[in-house]
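Just so you know, these numbers use all the heavy atoms, side chains as well, and skip hydrogens, waters and symmetry mates. From a predicted model like this one, the values you see are computed outputs, not experimental measurements. Chain naming here is simple, since letters A, B, ... match the order of the sequence lines and numbering starts at 1 in each.
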Protein chains: 2
Amino acid sequence: MVGALMRRPTIVDIAKAAGVSKGAVSYALNGRPGVSDRTRERILTIARDLGWVPNGPARALAPGGLVGAVGMVVDRPASELGAEPFFTRLVSGIETELSGSGVDLLLQVTADVEAEAAAYRRWAAERRVDGVVVVDLRENDHRTDLVRELPLPTVVLGGPEGADGLPCLWADDGAAMHEVVHYLAALGHRNAVQVAGPEYFRHTGVRAAAFAEAARDAGLKSAATAHADYTGDGGARATRRLLAHRDRPTALVYDNDLMAVAGLGVAAEMGISVPGELSIVAWDDSVLCRLVRPSLTAVSRDVEGSGAQIARMLTRLVAGERVHATEATRGDLVPRDSTGPLAED
Amino acid sequence: MVGALMRRPTIVDIAKAAGVSKGAVSYALNGRPGVSDRTRERILTIARDLGWVPNGPARALAPGGLVGAVGMVVDRPASELGAEPFFTRLVSGIETELSGSGVDLLLQVTADVEAEAAAYRRWAAERRVDGVVVVDLRENDHRTDLVRELPLPTVVLGGPEGADGLPCLWADDGAAMHEVVHYLAALGHRNAVQVAGPEYFRHTGVRAAAFAEAARDAGLKSAATAHADYTGDGGARATRRLLAHRDRPTALVYDNDLMAVAGLGVAAEMGISVPGELSIVAWDDSVLCRLVRPSLTAVSRDVEGSGAQIARMLTRLVAGERVHATEATRGDLVPRDSTGPLAED
DNA sequence: GCCGTGAACTGAACCGGTTCAGGAGGTGAG
DNA sequence: CTCACCTCCTGAACCGGTTCAGTTCACGGC
């Protein structure tokens with residue numbers, strides 16, 4: 001190209017080349033009325049030839065302009081996050097949806113809730129994002145108040161209780177938990193324990209309540225909930241304690257798959273056969289469940305799909321549409337080799 | 001506060017309150033000469049009282065302004081990424097370094113190299129990032145040319161061969177591989193196979209060459225490299241094929257821990273005892289290696305530390321400093337229960 | 001008393017878009 | 001013929017910073 005610009009072309013360059021004003025170029029490029037079809041065509045051609053791409057900061061700076069980015073903060077210790085497939089899958093899902101529309105994802109990993117709140121404040125104040133995805137709802141979660149006050153368009157993954165009226169994508173964990181417990185009961189188990197996440201997470205409470213209710217329903221003799229922290233080590237510790245018990249459970253239901261894998265390891269280490277003497281169910285079926293031996297029965301959720309779905313909801317919210325609470329696709333119990341009837345003694 | 005603004009305060013608001021010009025406020029807030037200490041102090045106080053925070057897009061738009069964000073593209077299929085701890089750990093490490101300096105991380109997951117290149121182009125053209133981290137160097141990698149041409153400040157994770165002169169953070173995989181092979185040889189193994197990643201990755205070649213060389217060095221009778229794709233399923237397939245062989249290997253060295261976990265599962269499924277009949281070594285020691293039974297001997301690398309280090313390098317590069325190729329801390333062989341001498345027949 | 005100097009500060013341009021008020025010119029109705 | 005009205009387009013303001021070229025003023029030297 002002769003006379004190629006060293007710097008990137010701007011709409012002024014297009015305007016000059018087309019012999020029109022900046023404003024006309026802007027209308028043409030944004031598909032708005034105000035220019036004739038002939039002129040629009042000409043401007044678009046020139047823009048394409050020049051390789052014009054809108055400047056992000058300039059767009060964002062204009063009154064009412066959007067940044068073209070959304071944010072997500074994951075508030076879990078870095079050490080724990082590494083092996084936890086859930087967030088990576090969620091991010092993958094969000095990305096597949098966003099990448100099509102040229103919206104970027106800002107990811108932040110924080111060590112505590114205060115740092116997370118600070119991230120939202122900064123993002124809102126500095127105008128780094130158009131909206132955020134909030135995950136891991138807690139009991140008495142102040143983040144819902146914060147994003148509302150800032151204000152920062154928000155979609156919550158979780159809820160609807162605790163989402164405080166914000167648009168949310170929720171899963172019926174209770175129903176899935178009922179399915180799991182009744183399945184275990186049908187296999188003959190009467191003493192089951194749920195190895196749950198920390199009590200301060202909202203969904204922990206939901207699942208624990210469902211577990212207790214389903215256990216009564218299904219006629220289990222004993223059904224307790226032990227709280228761990230989603231880490232492999234935490235899951236292993238909790239499992240060791242439970243299995244060392246005189247009247248040890250014959251079935252364990254884990255709140256994520258990392259703890260389930262750890263539990264499987266502890267059973268092996270203690271010489272307890274799975275599923276002969278102990279059945280294990282994992283939550284959030286990732287590829288891990290299929291890789292270990294015995295393979296893990298798991299509640300399979302379409303995490304990538306939920307990521308894509310929540311990204312769509314946030315995109316629409318940012319665009320000014322009304323977005324309502326939506327139920328995610330129901331989790332499925334996928335039976336594998338880690339569950340079964342108790343072996344004859 | 002009386003007369004509180006509904007909109008966020010700008011430097012004009014501060015200027016009005018302080019009775020000075022915009023320019024003076026800018027100088028004061030950025031710690032540049034041009035205002036007296038008294039005035040600077042007054043301006044800073046007012047800014048603090050008003051809760052002023054710089055507007056990101058406005059800063060970025062000003063000539064020579066920085067966006068305050070860096071990007072990373074991970075080019076692996078979403079399905080595979082979920083359970084692969086490496087990237088999550090890397091992101092965690094990058095984040096810990098960036099969060100202190102108010103720089104954001106843009107993460108993108110793409111399905112192929114073309115999409116990755118498109119992401120760099122878009123980020124550069126739209127001015128979304130100040131620089132990028134490039135990972136997973138390939139043979140004949142065009143990305144180095146691309147980022148240089150755009151231009152986009154870049155730090156490469158990997159190299160130094162193939163980094164094409166770009167600043168890079170590299171690990172001496174060869175040395176670690178030698179350590180692994182000599183350890184296996186000392187345990188009495190004479191027939192080992194490396195289950196490697198895809199051939200088009202640069203580090204695959206480096207490790208494979210080191211594996212072959214170390215095998216000669218250590219006097220192994222047979223030492224081949226089988227190429228898989230880093231996925232659990234791929235690792236399982238490769239392992240199944242290898243172990244079905246008449247003259248099957250007695251030691252397997254995997255290029256990541258996910259494939260090693262899969263290999264362990266296949267051994268169990270085929271009734272081959274580990275480490276009695278088969279020793280297994282994993283690369284990239286994540287918590288997974290400690291959770292499975294037997295626990296996996298692994299080459300442990302400080303992935304989080306490398307993430308932090310590369311973030312530091314990129315930050316300095318963006319700031320205009322010269323940054324040189326740097327060697328990451330050496331990987332350590334951490335022996336666990338998956339390696340040992342062959343059991344007496 | 002005059003001039004040179006440097007510190008402190010101002011005013012305006014600039015970055016690259018969006019948007020609004022208004023003007024030119026053509027057309028159709030009365 | 002006149003006027004209203006619509007289409008197409010222009011010019012300028014605006015978003016919120018940074019930076020540069022000047023201006024003002026106090027002070028010191030001779």
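- Contacts between residues 54-61 of chain B and DNA chain C, defined by a heavy-atom separation below 4.0 Å, involve L61(B), listed by number.
- Under the salt bridge (charged side-chain N to carboxylate O under 4.0 Å, His left out) criterion, R202(A) pairs with E139(A), not counting sequence neighbours.
- Here the CG-CZ distance, from L107(A) to F87(A), works out to 10.0 Å after rounding to the nearest 0.5 Å.
- Near DNA chain D, meaning a heavy atom under 4.0 Å away, there are no residues from residues 124-131 of chain A.
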Could you go through nucleotides 23-27 of chain D and list every protein N or O atom that sits under 3.5 Å from one of its N or O atoms, giving the distance for each pair?
none

| request: Carefully, step by step, assess D104(B) and R122(A) under the rule salt bridge (charged side-chain N to carboxylate O under 4.0 Å, His left out). | output: CA-CA 11 Å; D104(B) 283 310; R122(A) 188 173 69 80; 2.7 Å; yes

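- Residue S21(B) places its side chain closer to dT10(C) than to any other of dT10(C), dT18(D), dT10(D).
- Near DNA chain D, meaning a heavy atom under 4.0 Å from it, residues 31-48 of chain A has G34(A), V35(A), S36(A), T39(A) in order of number.
- Contact detail for E41(B) and T45(B): the closest heavy-atom pair is O-OG1, 2.8 Å.
- Between L166(A) and R148(A), the closest side-chain pair of non-hydrogen atoms falls below 4.5 Å.
- Minimum atom distance to the side chain of Y27(A) is reached by dT19(C), of the listed dG17(D), dA21(D), dT19(C).
- A donor-acceptor pair is defined here as one N or O able to donate and one able to accept, closer than 3.5 Å; no such pair exists between the side chain of N30(A) and the backbone of Y27(A).
- Applying the salt bridge (charged side-chain N to carboxylate O under 4.0 Å, His left out) criterion to R32(B), with sequence neighbours excluded, gives no partner residue.
- D13(B) and W52(B) share no side-chain donor-acceptor pair at under 3.5 Å.
- When the side-chain nitrogen and oxygen atoms of W52(B) are compared with OP1 and OP2 of dG16(D), none of them lie within a distance under 4.0 Å.
- Distances shown here put a side-chain N or O of S26(A) below 4.0 Å from the OP1 or OP2 atom of dT18(C).
- For P63(B), counting side-chain heavy atoms from C-beta on, the closest listed nucleotide (dC14(C), dC14(D), dT10(C)) is dC14(C).
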Check against salt bridge (charged side-chain N to carboxylate O under 4.0 Å, His left out), R138(A) and D75(A) | CA-CA 11 Å; R138(A) 294 165 181 247; D75(A) 180 21; 3.3 Å; yes

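- Screening V155(A), V156(A), L150(A), L152(A) for a side chain to side chain contact (heavy atoms under 4.5 Å, CB included) with V132(A), the sole residue that qualifies is L152(A).
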